[in-house]
Engineer: 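One structure is given below, represented as structure tokens, and several questions about it will come after.
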There are 2 protein chains.
Amino acid sequence: MATIEDVAARAGVSIGTVSNVLNRPQAVAPATRARVQAAITALGYVPHAAARALVAGRSRTIGLIVPEVTNPFFADLARGAEEVADDRDLTVMLYNSNKAPGRELRFLGQLESQRVQGILLTPVNQVAEALSDVVARGTPVVLLDRGSGHRNLCSVAVDDRVGGELAATHLVERGHRHLAFVGGPFTVHQVAERLAGARSVTDAAGARLEVIETTGLTVAAARAAATGLARRPAADRPTAVFCANDLLALGVLQTVTRERLRVPGDLAIVGYDDIAFAAAAAVPLTSVRQPRQQLGRVAAQLLFEEIDDPGRHGHRQVVFQPELIARASTRVTAPAS
Amino acid sequence: MATIEDVAARAGVSIGTVSNVLNRPQAVAPATRARVQAAITALGYVPHAAARALVAGRSRTIGLIVPEVTNPFFADLARGAEEVADDRDLTVMLYNSNKAPGRELRFLGQLESQRVQGILLTPVNQVAEALSDVVARGTPVVLLDRGSGHRNLCSVAVDDRVGGELAATHLVERGHRHLAFVGGPFTVHQVAERLAGARSVTDAAGARLEVIETTGLTVAAARAAATGLARRPAADRPTAVFCANDLLALGVLQTVTRERLRVPGDLAIVGYDDIAFAAAAAVPLTSVRQPRQQLGRVAAQLLFEEIDDPGRHGHRQVVFQPELIARASTRVTAPAS
DNA sequence: AACAGCGTTTATAACGATTCAATAACCGGA
DNA sequence: TCCGGTTATTGAATCGTTATAAACGCTGTT
């Protein structure tokens, strides 16, 4: 593969001049510049990023580690981050930790070894001890969606408690006095917060909120819970459920529909995340939407702030407010006769 | 940040020895090795990947460009490729072209500039001219899922025609004589092939196959088609539909269910891709599954084959066979009275 | 004719690792 | 005691680029 030296030889100039053509073209006489450009295209010269990174001391990339690439939440977040990175001509290296702490650790090491300018990370569990080392050695890190507790790091997240409040308020305002929360396990911080938010609203409104814990956040996990609900006598049944995410909500919708309940007539449903399927469901689903792409943008901005001026930079924990998207699954219907 | 020189100084050895500890520990006396290791951990030394890549002439990574990270097909494919790369201690750099030719081009350039050992690519449209340059300059490329026509490149793909045959055979064997194919646009190679496969089977069996073209492969796109179907008089209605993907199939399922048809009693449904939702649908969906992870594995293996011995390597086009997963949506039911 | 000033170009020293030939240290055997 | 043969360690060259200080060639002034 052609090197800068080959280009220089072909253009009859020194390598310094070629480097100038590449990095500060205005400093090179137009005729020379043209000659060098010609040599570059003729040889198909592609600069060697590693050599550049070596002199510069850092590479022109930032790292992004997410627990699930498949999840549109993180895909959108990545888009947001990329957008900001593009403005600086930086590449975002995307890694999928798949919720495996081992993978997270490995990628962290790789990114550090590549001397990335900074790292955006959704930590798998607690923030690894290894992370503190990375930060101590000088690579800025911004936490995504989790671990906002860390005061010595920047982080961005969405307020799940507010999300819970939005959902519950929406239902209470529509006259529901007996709600159910479906979700779990409660060890997942997000789930617990969403419940807490809902609880605060129902308590204040004097409404009833029963809690149905599931083992996970999948369609399948919703089945058991929903079957139980649907088979209760109407008087004993909540008139609305708030699900910790849209998959659960879809599961509930499917199951109770099969059990011949009408949605929203017999049971109103609110989901969380506003995935693409929410709008496309048999009964379009009311859901709580998080500003995903903005989350990524702001995270990247915080990171660059720290990169640009590590001294003056003060760590910030940015919390976004979610938004409720009302659809048919909570529409007020004429009371059944 | 600590360099190899700092480590050498602290351990009282030369940098050559430190390098040996890192790359061929058995060549270093145990006592020295221990001393160096201690220095490494004490200083938190992390080797500089760019410096390594510079001497080596290539980095320890391969690139993977997919059109949609959100799509589980590509996520699984990535996992397969990673698995193989891990065995060689290589990192997979994942890029999401988002079907934008501009992004694809940019990433291709970045990967080449990083001197990756090879590239796995799902080309957005036709194979870009730029790609030939990349290949000509010596970076091996394997095409994923598309562009198998190129005889001068390796590629892996799944036989969509066989997929169509599987689906149609399954339905014909269950006694269906009037089928419908739902999908589109037919400019998408995969869609056209699936239809062609189905057609060959129905023709051979003397069954009827009507074609309902949709504008896209989404739940929403299925609505119109399904509504039309459901409202036809039973005699004029196909007894089974084969959808070009699972999203369409789910849309059809939802819509015809709402129109009071029973699945599979009144209408059997076969999807394609076997996404997670297929099994979790109201009526679990029969679907054609592609060996996604294996696709990634084999692609990576082909790439490494070429990397290891570019001279002897002969380009191959590997085509996998899909598999039909039978579920409730095509179960044979007692004929309605 | 000498020189200051300017715009271009060049030579060279980094950057942080790996590699490999050369050297040093050590051992047992003659 | 010296030697051949290991085994361990070192020093220097090298990778491809950027940055920088010095050199160069003109022009216009004095």
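Labels below follow one simple rule: chain letters A, B, ... track the order of the sequence lines, proteins then strands, and each chain is numbered from 1. Since the model is a prediction, treat every value here as computed from it, not as a measurement.
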Engineer: Hey, could you give me the CG/CG distance between Leu120(B) and Leu143(B), rounded to the nearest 0.5 Å?
Structural biologist: 9.5 Å
Engineer: Looking at Ala53(A) and Ala50(B), what are the two nearest heavy atoms and their distance?
Structural biologist: CB-CB, 3.8 Å
Engineer: For the pair Glu305(A) and Arg316(A), evaluate salt bridge (Lys or Arg N to Asp or Glu O under 4.0 Å) and give the outcome as yes or no after the intermediate values.
Structural biologist: CA-CA 11 Å; Glu305(A) 211 177 80; Arg316(A) 277 186 288 155; 2.8 Å; yes
Engineer: Which donor-acceptor pairs under 3.5 Å do side chains of residues 64-75 of chain B form with protein atoms, sequence neighbours excluded?
Structural biologist:
unit_1, atom_1, unit_2, atom_2, d
Glu68(B), OE1, Asn71(B), ND2, 3.4
Asn71(B), OD1, Phe73(B), N, 2.8

Engineer: Using only heavy-atom distances, determine whether the side chains of Arg79(A) and Asn98(B) contain a donor-acceptor pair under 3.5 Å.
Structural biologist: yes
Engineer: Return the angle between end axes of the helix from dA1(C)-dT30(D) to dA30(C)-dT1(D), with five pairs used per end and rounding to 10°.
Structural biologist: 70°
Engineer: Determine, for nucleotides 12-22 of chain C in 5'-to-3' order, which nucleotides have protein heavy atoms under 4.0 Å from the base (write B), from only the sugar-phosphate (write S), or from neither (write -).
Structural biologist: --BBBBBB---
Engineer: For Arg115(A), what residues pass the side chain to side chain donor-acceptor pair (under 3.5 Å) criterion, not counting sequence neighbours?
Structural biologist: none
Engineer: Show me the side-chain donor-acceptor pairs of residues 293-303 of chain A shorter than 3.5 Å, one per line, residues at least two apart or across chains.
Structural biologist:
unit_1, atom_1, unit_2, atom_2, d
Gln293(A), NE2, Glu83(A), OE2, 3.2
Arg297(A), NH1, Glu83(A), OE1, 3.1

Engineer: Considering only heavy atoms of chain A and a distance under 4.0 Å, specify the first and last nucleotide of DNA chain D in 5' to 3' order that meet this criterion.
Structural biologist: dG16(D) to dT20(D)
Engineer: Does Ser59(A) form a side-chain hydrogen bond (donor to acceptor under 3.5 Å, both in side chains) with Gln114(A)? I'd like the steps, not just the answer.
Structural biologist: CA-CA 7 Å; Ser59(A) 68; Gln114(A) 314 226 16; 5.7 Å; no
Engineer: Under a 3.5 Å distance rule, please check whether Gln317(B) uses its side chain to pair with a backbone N or O of His150(B) as donor and acceptor.
Structural biologist: yes
Engineer: Looking just at side-chain N and O atoms, do Thr139(A) and Glu112(A) make a donor-acceptor pair shorter than 3.5 Å?
Structural biologist: no
